[in-house]
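Indexing begins at 1, ligand by ligand and atom by atom, following the structure's order.
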Amino acid sequence: MIDDVRIDCAMCAMLNRSINRFIEIDGAMDISMHTSSIIDARIQLIAERIREATRLTIMTGAGVSAASGVPTFRGQDGLWRQYRAEDLATPDAFARNPRLVWEWYDWRRQLIAGCRPNAAHDVIARWSKRHGTAVITQNVDDLHLAAGTQGLIRLHGSIWELACWGRCPQGATPWRDDRVPLDQPRCPLCGQLARPAVVWFGESLRREDVEAATSATACDVFLTVGTSAIVYPAAGLVHEARRHGAFTAEINLEATPASSAVDVAIQGSAEEILPAIHRLL
Ligand code: OAD
């Protein structure tokens, strides 16, 4: 069970037991052959498991939107390399300097407004229409929705939605406002400052989202795609799925703390690997 629904970062010190290790053992000569045949075999295995599955759950992170041009948070060009989360993505930061926080969100909104779903979003959208499929995302860009994903569980909210910072009764329910640029918007109901309706560090996820995500871990196949797997409670879902007996797989450009826990880890891009799996279904 996932008890603590507050968002949190926890680095697990797990060993990477995926393709890299294979490559080290086998030596340089056979690297490309082994890598591609191992990846092909893993793609086939995942496709087989999806074909047989009654319940499929996919959980995504920022890596799924990278090919669309949305910056990730971690990694070489990640947002948290240039900005401090404590200054921009916490309730304290907003209380201290709402203008600065809104400037950052407005910049991201403008950037995302020019982005379109990529092949990874498209495949996930198609799968979401199959009965028994659940899609959980940590992304706030709504590109899954733009691709047509059904029944999406948005664990960290949406950058396109606002809520009343003063928590006035009606303004506590997020409303959509996709105007760009947006200069320090106010709650239309009470006139107090509005905030981005995203989950900040130290805040709780919406109870309904956590419940929906937790119940989606009772599945036959659980795919974790394009997430660094270090922000909880989202990062705990793959382990929960394993406890339920699901076949678990990860698709990511690099090894993560989840890589050694899943049944199959593929180091590759979501926009290439997901369509490759889809072609075999
Ligand atoms: P991260 O930026 O932490 O991780 C993105 C992951 O995607 C990395 O592990 C990359 O290796 C991988 N990646 C990059 N491009 C990829 C591609 N084309 N295909 C596959 N994988 C790729 O993003 P999240 O795990 O989503 O929270 O971050 C989780 C949360 O931390 C976010 O929701 C956000 C952040 O702080 C808040 O803002 C509250």
*Sub-3.5 Å N/O-N/O distance, A89 and ligand 1*: no
*Of all residues at least two apart in sequence or in a different chain, which pass the side chain to side chain contact (heavy atoms under 4.5 Å, CB included) check with Q184?*
P98, R99, L193
_Distance-only N or O hit between ligand 1 and S228, under 3.5 Å_ = yes
*Has G268 got any heavy atom lying under 4.0 angstrom from an atom of ligand 1?*
yes
*How about S65 and H121: does a side-chain donor come under 3.5 Å of a side-chain acceptor?*
yes
_Geometry only, no angles: is W80 polar-contacting ligand 1 at N/O separations under 3.5 Å?_
yes
*Side chain, backbone, both or neither: the part of V231 lying under 4.0 Å from ligand 1 by heavy atom*: side chain
*Between E211 and T214: side-chain donor-acceptor atoms closer than 3.5 Å*: no
*Under 3.5 Å side-chain donor-acceptor pair for T60 and T137*: yes
*asked:* Tell me every residue that passes salt bridge (Lys or Arg N to Asp or Glu O under 4.0 Å) with D106, counting only those two or more places apart in sequence or in another chain.
replied: none
*Is there at least one pair of N or O atoms, one from A66 and one from ligand 1, spaced under 3.5 Å apart?*
no
*Cation-aromatic face contact R108/W104, 6.0 Å, 45 degrees*: yes
*Any nitrogen or oxygen of A62, main chain or side chain, under 3.5 Å from a nitrogen or oxygen of ligand 1?*
yes
*asked:* Can you confirm, on distance only, whether ligand 1 has an N/O atom lying under 3.5 Å from any N/O atom belonging to H156?
replied: yes
*Atom pair CH2/CG of W80 and L88 - distance to nearest 0.5 Å*: 6.0 Å
_Heteroatom distance test (F73, ligand 1): nitrogen or oxygen, under 3.5 angstrom_ = yes
*Region of V140 engaging ligand 1 - heavy atom pairs below 4.0 Å*: neither
